[in-house]
Peer 1: 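Got a structure for you, questions after.
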Amino acid sequence: MKNKFQKLPENFYQRNDVTIISKELLGKFLISDIDGIVTGGMITEVEAYNGISDKASHAFGGRRTNRTETMYGKGGICYVYLCYGIHHLFNVVTNKINIPHAVLIRAIEPIIGIDEMLKRRKKINIQPTLTSGPGSMSSSLGIKTSDSGSDLCGNRIYIEDRGINISDSKIISTKRVGVDYAGKDALLKYRFYIKGNKFISKP
DNA sequence: GTGCGGATGAACT
DNA sequence: GTTCATCCGCACT
């Protein structure tokens, strides 16, 4: 049967304000279809990375390397980065080409293909740790660095609007995690999560 | 060629 | 609450 839910259109990602896009991504569904295995869930926690002026961003100061090149691509693709040699961190690239904005997806609430996600994480029961935290989340969905640059309007990794709307009063905004090195930019409230949801990396 | 730091997670006490 | 595994990519020589 045809999927009745709508993928977010390219122009959703290509707007200028990465913090607005971040907030609107809360409550949307991130879904991966890896070799026919479909897994996914509702986005519960994100962080905004505001391009070349953001010290916490890999693209700070306009730095371009092989790795960060993906962030300079068009809004609507994804940027997957390997951190600490172990963890795959999944980002949504936003804004126009050559403007390296990105939204780090930090946590989702597992909904689709839970058995498969448990298998990938070698777990028996659903716990918040299954998909809370950027490394765990990517691992559950089977996302790897080789998926970097995938088009989110495509059929492998995509984001759907399933009609859930998170009102402003349900959104907590706070400092980002793990970016203390970024000086005053570390104080920016660019982390957003859904109030009261269990699937959050840090309350 | 080489050294070092990192957008973390899990397993401990 | 704390500690530590683990390895790629960047910056520099």
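Since the model is a prediction, treat every value here as computed from it, not as a measurement. Proteins get letters first, then strands, A, B, ... in listed order; numbering begins at 1 in each.
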Peer 1: Is the cationic atom of A:R64 (NZ for Lys, CZ for Arg) positioned less than 6.0 Å from the six-membered ring centroid of A:Y72 and within 45 degrees of its normal?
Peer 2: yes
Peer 1: Using the rule that Ile, Leu, Val, Met, Phe, Trp and Tyr join whenever any side-chain heavy atoms are under 4.5 Å apart, tell me whether A:V18 and A:L26 fall into a single cluster.
Peer 2: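 A:V18 clusters together with A:L26.
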Peer 1: What's A:L82 touching, base or sugar-phosphate or nothing? Going by heavy atoms closer than 4.0 Å.
Peer 2: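 A:L82: backbone/sugar contact only, no base atoms under 4.0 Å.
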Peer 1: Distance only, no hydrogens: is a donor on one side chain within 3.5 Å (strictly under) of an acceptor on the other, for A:R191 and A:T174?
Peer 2: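 Checked: A:R191/A:T174 side chains show no N/O donor-acceptor pair below 3.5 Å.
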Peer 1: Regarding A:T129 and A:R121, do their side chains bring together a donor and an acceptor under 3.5 Å, going by distance alone?
Peer 2: no
Peer 1: Check the side chains of A:T39 and A:S32 for a donor-acceptor pair under 3.5 angstrom, ignoring hydrogens and angles.
Peer 2: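 Yes.
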Peer 1: Could you write out DNA chain B as dot-bracket? Rules: Watson-Crick or G-U wobble, both distances under 3.5 Å, brackets [ ] for crossings, | for pairs with another strand, dot for unpaired.
Peer 2: ||||||.|||||.
Peer 1: Give the first and the last nucleotide of DNA chain B, reading 5' to 3', that has any atom under 4.0 Å from a heavy atom of chain A.
Peer 2: B:dG6 to B:dA10
Peer 1: For A:F192, is the NZ or CZ atom of A:R176 found under 6.0 angstrom from the centre of its six-membered ring and inside 45 degrees of the ring axis?
Peer 2: no
Peer 1: Once rounded to the nearest 0.5 Å, what's the spacing between atom CD1 of A:I108 and atom CG of A:L30?
Peer 2: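 Between A:I108 CD1 and A:L30 CG, I get 5.5 Å after rounding to 0.5 Å.
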Peer 1: Heavy atoms under 4.0 Å, any strand shown: does A:F60 hit a base, just sugar-phosphate, or nothing?
Peer 2: nothing
Peer 1: If only side-chain N and O atoms count, and only distance matters, is there a donor-acceptor pair under 3.5 Å linking A:E47 with A:Y49?
Peer 2: yes
Peer 1: Would you say the side-chain atoms of A:K7 and A:N155 include a donor-acceptor pair closer than 3.5 Å?
Peer 2: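 Yes, A:N155 and A:K7 have a side-chain donor paired with an acceptor closer than 3.5 Å.
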Peer 1: When the nearest nucleotide of DNA chain B is assigned to A:Y181 and to A:K123 on a heavy-atom basis, which residue is associated with the more 5' position?
Peer 2: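 Comparing both residues, the 5'-ward one is A:Y181.
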Peer 1: How close or far is atom P of C:dC7 from atom CD1 of A:I86, stated in whole angstroms?
Peer 2: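 The distance from CD1 of A:I86 to P of C:dC7 comes to 7 Å, rounded to the nearest Å.
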Peer 1: Could you go over nucleotides 11-13 of chain C and give all protein N or O partners under 3.5 Å, atom names and distances?
Peer 2:
| unit_1 | atom_1 | unit_2 | atom_2 | d |
| --- | --- | --- | --- | --- |
| C:dA11 | OP1 | A:R63 | NH1 | 2.5 |

Peer 1: Could you tell me whether the side chains of A:N197 and A:E109 share a donor-acceptor contact shorter than 3.5 Å?
Peer 2: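 Judged by distance alone, the side chains do pair up.
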Peer 1: May I ask you to check if A:R15 and A:F12 form a cation-pi contact, with NZ or CZ under 6.0 angstrom from the six-membered ring centre and within 45° of the axis?
Peer 2: yes
Peer 1: Using whole Å, what does the distance between atom P of nucleotide C:dG9 and atom NE2 of A:H88 come to?
Peer 2: 11 Å
